[in-house]
Amino acid sequence: MEEYTREPCPWRIVDDCGGAFTMGLIGGGVFQSIKGFRNAPSGINRRLLGSLVAIKQRSPIIAGNFAVWGGMFSTIDCALIHARKKEDPWNSIISGAATGGILAARNGLPAMAGSAFIGGVLLALIEGVGILFTRLSAEQFQPQLPPMEDPSQLGQKPPPDYQY
Amino acid sequence: MSSLNENDDANSQNNSYGSAGGGLTGQFKPFASPYLNFDPGYIPQAQPEFIFLDGGSKQRGRFELAFGQIGGSCMIGAGLGGVSGFYNGLKAATLAGQAGKLRRTQLLNHVMKNGSATANTFGSVAVIYSAFGVFLSWARGTDDDLNTITAATATGLLYKSTAGLKRCGMGGAIGLGASVLYALWNNKDRLSDLGHYNPAQR
């Protein structure tokens, strides 16, 4: 994968929006193909057709919802980075909760609270798993120091041009 | 104490050594830091330095750009759809004689529905195009205008593939036309050179 760095902040919104849209389109396509296949009338031809129609009709909508989530999340993340002057897991958790809350704003206050809670917990889980993996993979990079000898006993003077 | 004296000695020597080594290039004193074991004067300061991996291409690949392109087209689609939805909603609400809260809600509905529909369309087209482009550049090993044109034509054909042969062909033609225009615009420097023969070249 060439994609191992993230874009700097304003462009990260566009990037995350696109990534979420792609994820939603592919995931929604798989999900809707199964759903359309199962819900269609019997006959393999009709089932395949139902699958295709379901993919065509429903998966862009799912992708759009994903894209809105990703874009809103990234926007709040960037705003938090700017306001708090640091990037840490709390940024992601806060922006996940805020995104869940804002996107459920039309459904009333209890729905907003529930959505915000779910969003925060989801992002906390993701960040926690990320930190866990970093810890686990960092084990093998522990430096193993060779036994060092004190250079002063070798009788060498430091070079005369040291300037700090 | 002896170590302190040594230190003093080193400092007093430093000046003469520095001037002797001052024949090197650069406005920095040579070996200004114990961590810098080369003369900074050798670093060229006039032109920027880019570090490329061996064998890597010198531009960003299709996959790196894909998510940005998809997200960008999604957002552009949302903007365009929102504006056209606002216009249509204004017309419809005025025609129906709606006012006040009802008018506001109808306008919001038009903007949201039209915006999301256009955003979904644009985004889906961008995803298909990016998939074709990434696949082509992976399969052919290069990334050029032929990839762009092929990917755009295939996208148009695929997106309208369920709407009948005629509309499928229309989609392909639109993709082909847009990508050819883009390729021409992208190569306009080379095209303007092509028009008049320049004997000084080559």
Side-chain angles (χ1 to χ4, degrees), chain A residues 1-8 10-29 48-75 103 105-106 152 155-164, chain B residues 3 6-7 9-18 20-21 29-37 53 56-57 60-78 81 108 112 115-128 130-131 134 159 161-163:
Chain A
M1 289 290 172
E2 292 152 323
E3 182 96 0
Y4 50 84
T5 51
R6 301 183 74 191
E7 298 274 318
W11 306 110
R12 187 181 295 178
I13 300 169
V14 180
D15 221 60
D16 279 6
C17 189
F21 191 92
T22 313
M23 208 157 56
L25 197 70
I26 294 171
L48 287 178
L49 204 67
S51 197
L52 189 67
V53 168
I55 292 174
K56 251 177 33 181
Q57 285 182 340
R58 294 286 308 168
S59 61
I61 297 173
I62 295 172
N65 293 344
F66 266 69
V68 168
W69 225 95
M72 178 70 84
F73 173 82
S74 248
T75 309
L103 291 183
R106 292 285 292 272
S152 66
Q156 263 186 344
K157 279 185 188 178
D161 51 349
Y162 265 30
Q163 222 180 44
Y164 296 102
Chain B
S3 68
E6 250 177 39
N7 211 3
D9 207 5
N11 267 341
S12 64
Q13 278 186 0
N14 185 34
N15 265 341
S16 61
Y17 189 80
K29 276 185 192 168
F31 309 112
S33 152
Y35 301 111
L36 199 61
N37 61 354
L53 293 177
S57 68
R60 303 219 286 175
R62 290 250 174 191
F63 189 73
E64 258 178 296
L65 293 171
F67 289 141
Q69 285 170 350
I70 294 164
S73 55
C74 213
M75 286 178 174
I76 290 171
L108 268 180
M112 297 306 282
S116 68
T118 316
N120 289 344
T121 309
F122 275 46
S124 305
V125 169
V127 168
I128 297 170
S130 295
V134 168
Y159 191 74
S161 61
T162 51

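Residue numbers begin at 1 in each chain, while the letters A, B, ... track the order of the sequences.
Considering CZ of A:Phe66 and SG of B:Cys74, their distance stands at 13.0 Å, rounded to 0.5 Å. The CG atom of A:Asn65 sits 8.5 Å away from the OG atom of B:Ser116 when rounded to the nearest 0.5 Å.
Only the side chain of A:Leu52 comes within less than 4.5 Å of a heavy atom in chain B; its backbone stays farther off.
Residues B:Asn120 and A:Phe21 have side chains in contact (heavy-atom distance under 4.5 Å, counting atoms from C-beta outward). The shortest distance between side-chain heavy atoms of B:Met75 and A:Ile13 falls below 4.5 Å. Between A:Leu25 and B:Ser124 there is a side-chain heavy-atom pair separated by less than 4.5 Å.
Looking at residues two or more places apart in sequence or on another chain, you find no side-chain hydrogen bond (donor to acceptor under 3.5 Å, both in side chains) involving B:Ser161. Every residue two or more places apart in sequence or in another chain that forms a salt bridge (Lys or Arg N to Asp or Glu O under 4.0 Å) with A:Arg12 is listed here: A:Glu87.
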